[in-house]
Amino acid sequence: MSAESTPEPGIPGDDNGTTGPDSGRGRRKPRARRRGLMIAAWTAAGVVVLGGTGLGYVYFKLNGNLKSVDIDQALGTDRPTKADNGSENILVLGSDTRSGSNKKLGGGTDDGSARSDTAMIIHVYQGHRRASVVSIPRDTLIDRPACTDPKGVTHDAARDVMFNSAYSTGGAACAVKTVESMSGVRMDHYLEVDFAGFQKLIDQLGGVRITTTKDIDDPDSHLRLKAGAHTLDGAQALGLVRTRHGVGDGSDLGRIQLQQAFVKALLDQVEHVGLLGNPKKLLDLADTATKAVTTDSSLGSVNSLMSFADGLKGIGASDMTMVTLPVRYDPADPNRVLVEQSKARLVWNALRTDTAIPKAATTGTATGEAAGVVTAS
């Protein structure tokens, strides 16, 4: 079974909005322009609305919340070539630090360290009408390049280490360098989200509606859901995107399938929240979002985030193809996976050439058996 989730890979940049078996039959309703990468978009919307009221201090408040990392300075010029056709690649990480307000969220041990719990490459095609998302399993064994951490300590290259060790070893810059080394694809931007901010954002949105086709019971992520329709609060949403033992085969691949389904449910719902008519709610969301994210330095201001979000606001759930990096289970350790290099090259080549990811890239690869367990309500 393929690791790919719906929709099927389409033609990048196709702007007729009628892909799929019902194309041209009048079944699809025109949709409102939707926001992609919702964290950036919430911030932009809040600033636009509130800035227009003359509350200039709002800009400075939100700007002061943002944290950024100078990836370009840290990595220098020895990197893949940047595309010149308007397409973009964004590395998005979910950080599972166990310190501070994240301590009690989502299970795990409070050791004060930070790891990349979730990793996705978002490729925005030329014209910014479609996107592909490639999830990287954190348990993937990879060769990590030499990295210098934020304290200036250099760490030698390492072979056959887990992907998420790049972040814990050398922070954001090392994670970006590792992805670029694996793929040969330039990461144009970096976004990192922490647990506490994620939970608060979902609560402020009023929850996310999903339907589960099976019971989910995972004491590690504190998530228990009966099969059926649910409106997840922040804690439940966090549990869902972190659960791995409560459904499927208990693997990280199953968790990725749940994460991808949740992202689509969130994108489908946000357009109906009615934020533009509620300046107070916009400010609260923007304040939480800017505190929750760390960006690369080129996105490290509200103005930059506004411009970035504006270029993505036409991309909704139906415009996104989601796949998992092609992998197979490690015969020496079933808790680890190995990259299927020939199939992975198809994925990386598609991102480099701004073309659709071929179905062959994810056919016959390892999956987590959680596909279809979560859908949008």
Side-chain angles (χ1 to χ4, degrees), residues 1-6 92-96 98 105-109 115-121 133-144 160-168 175 178-179 182 195 198 210 212-225 227 232 236-265 321-344 347 357 359 361-375:
M1 184 167 55
S2 169
E4 186 170 359
S5 66
T6 57
V92 179
L93 295 185
S95 171
D96 69 344
R98 303 300 182 182
L105 301 180
T109 303
R115 295 168 294 274
S116 56
D117 186 64
T118 303
M120 296 180 175
I121 300 170
V133 178
V134 181
S135 295
I136 303 177
R138 69 177 192 174
D139 296 337
T140 307
L141 295 180
I142 53 96
D143 294 338
R144 176 181 55 75
D160 294 328
V161 296
M162 286 174 57
F163 171 78
N164 71 341
S165 70
Y167 180 86
S168 58
T178 299
V179 169
M182 292 169 57
F195 278 3
F198 174 85
I210 65 159
T212 58
T213 59
K214 298 180 180 179
D215 292 350
I216 299 177
D217 187 352
D218 185 354
D220 289 343
S221 66
H222 312 312
L223 181 67
R224 290 178 175 83
L225 296 175
L232 302 184
Q236 292 172 314
L238 179 61
L240 179 66
V241 300
R242 299 207 66 249
T243 192
R244 63 184 296 173
H245 302 296
V247 68
D249 62 359
S251 72
D252 192 39
L253 300 176
R255 170 167 46 194
I256 286 174
Q257 292 172 323
L258 297 177
Q259 290 171 350
Q260 292 176 343
F262 178 83
V263 168
K264 288 198 170 188
T321 296
M322 291 188 167
V323 304
T324 300
L325 178 68
V327 295
R328 58 185 172 86
Y329 290 107
D330 181 1
D333 184 351
N335 293 315
R336 302 289 179 262
V337 294
L338 305 173
V339 179
E340 287 276 21
Q341 294 294 349
S342 61
K343 291 179 179 289
V347 174
I357 296 172
K359 292 181 181 180
T362 53
T363 300
T365 55
T367 63
E369 301 178 10
V373 173
V374 170
T375 61

J.: So Arg224 and Asp215, side chain to side chain contact (heavy atoms under 4.5 Å, CB included) or not? Walk me through it.
T.: CA-CA 8 Å; Arg224 290 178 175 83; Asp215 292 350; over 6 Å; no
J.: Can you give me the closest heavy-atom contact between Gly239 and Ser221, atom names plus distance?
T.: O-OG, 3.5 Å
J.: Counting distance only, does the side-chain N/O of Lys343 pair as donor-acceptor with the main-chain N or O of Gly364 below 3.5 Å?
T.: no
J.: Report yes if some heavy atom in the side chain of Thr140 is under 4.5 Å from a heavy atom in the side chain of Met162; otherwise report no.
T.: no
J.: Taking atom CG of Asp252 and atom CD1 of Ile136, what is their separation to the nearest 0.5 Å?
T.: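 Spacing of CG (Asp252) from CD1 (Ile136) equals 11.5 Å.
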J.: State, without any angle test, whether Ser135 and Gln260 hold a side-chain donor-acceptor pair at a distance under 3.5 Å.
T.: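 Yes, Gln260 and Ser135 have a side-chain donor paired with an acceptor closer than 3.5 Å.
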J.: So Ile142 and Val161, do their side chains get closer than 4.5 Å, heavy atoms only?
T.: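 Of all side-chain heavy-atom pairs linking Ile142 with Val161, at least one is under 4.5 Å.
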J.: Apply side chain to side chain contact (heavy atoms under 4.5 Å, CB included) to Leu225 and Leu232, showing your working.
T.: CA-CA 10 Å; Leu225 296 175; Leu232 302 184; 3.9 Å; yes
J.: Okay, side chain of Tyr329, backbone of Thr367: is any donor-acceptor separation there less than 3.5 Å?
T.: yes
J.: Could you report the tightest heavy-atom contact between Gly254 and Ala370, atom names first, then the distance?
T.: O-CB, 3.6 Å
J.: Please report the closest heavy-atom contact between Phe163 and Ala119, naming both atoms and the distance.
T.: CE2-CB, 3.6 Å
J.: Measure the shortest side-chain to side-chain distance between Asp143 and Asp160 over non-hydrogen atoms and say whether it is less than 4.5 angstrom.
T.: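 A side-chain contact under 4.5 Å exists here.
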J.: From Met182 CE over to Ile121 CD1, what is the distance, rounded to the nearest 0.5 angstrom?
T.: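 With rounding to 0.5 Å, CE (Met182) is 7.0 Å from CD1 (Ile121).
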J.: With side chain to side chain contact (heavy atoms under 4.5 Å, CB included) as the criterion, how do Thr178 and Tyr167 come out once you've worked through the C-alpha distance, each side chain's angles and the decisive distance to 0.1 Å?
T.: CA-CA 9 Å; Thr178 299; Tyr167 180 86; over 6 Å; no
J.: What pairs with Arg336 under side-chain hydrogen bond (donor to acceptor under 3.5 Å, both in side chains), at least two apart in sequence or on another chain?
T.: none
J.: Quick one: list whatever passes salt bridge (Lys or Arg N to Asp or Glu O under 4.0 Å) with Asp330, sequence neighbours left out.
T.: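 Scan of Asp330 (salt bridge (Lys or Arg N to Asp or Glu O under 4.0 Å), adjacent residues dropped) gives none.
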J.: Taking all atoms of both residues into account, what is the closest heavy-atom pair of Gln257 and Glu369, and its distance?
T.: OE1-N, 3.3 Å
J.: Would you call Asp218 and Arg255 a salt bridge, using N to O less than 4.0 angstrom?
T.: no
J.: From the options Leu258, Val373, Leu240, select the one residue that forms a side-chain contact (heavy atoms from CB on, under 4.5 Å) with Ile210.
T.: Leu240
J.: Would Val337 and Leu141 satisfy side chain to side chain contact (heavy atoms under 4.5 Å, CB included), going step by step from the backbone distance to the final call?
T.: CA-CA 6 Å; Val337 294; Leu141 295 180; over 6 Å; no
J.: To the nearest 0.5 angstrom, please state how far the CD1 atom of Ile256 sits from the CZ atom of Arg138.
T.: 10.0 Å
J.: When you compare the side chain of Thr324 with that of Val134, does any pair of heavy atoms fall below 4.5 Å?
T.: no
J.: If we only count heavy atoms from C-beta on, is the Gln259 to Met120 side-chain gap below 4.5 Å?
T.: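 Yes, side chains in contact.
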J.: Do you know which of Leu253, Thr118, Val339 makes side-chain contact (heavy atoms from CB on, under 4.5 Å) with Pro137?
T.: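 One option only clears the test, and that one is Leu253.
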J.: Determine the minimum heavy-atom distance between Ala361 and Pro326, stating which atoms define it.
T.: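 Heavy-atom minimum between the residues: O-CG, 3.1 Å.
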J.: If you look at every heavy atom in Gly368 and Ser251, which pair is closest and at what distance?
T.: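 For Gly368 versus Ser251, the nearest heavy atoms are CA-OG, 3.6 Å.
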J.: Is there a donor-acceptor pair closer than 3.5 Å between any side-chain N or O of Glu340 and the backbone N or O of Val327?
T.: no
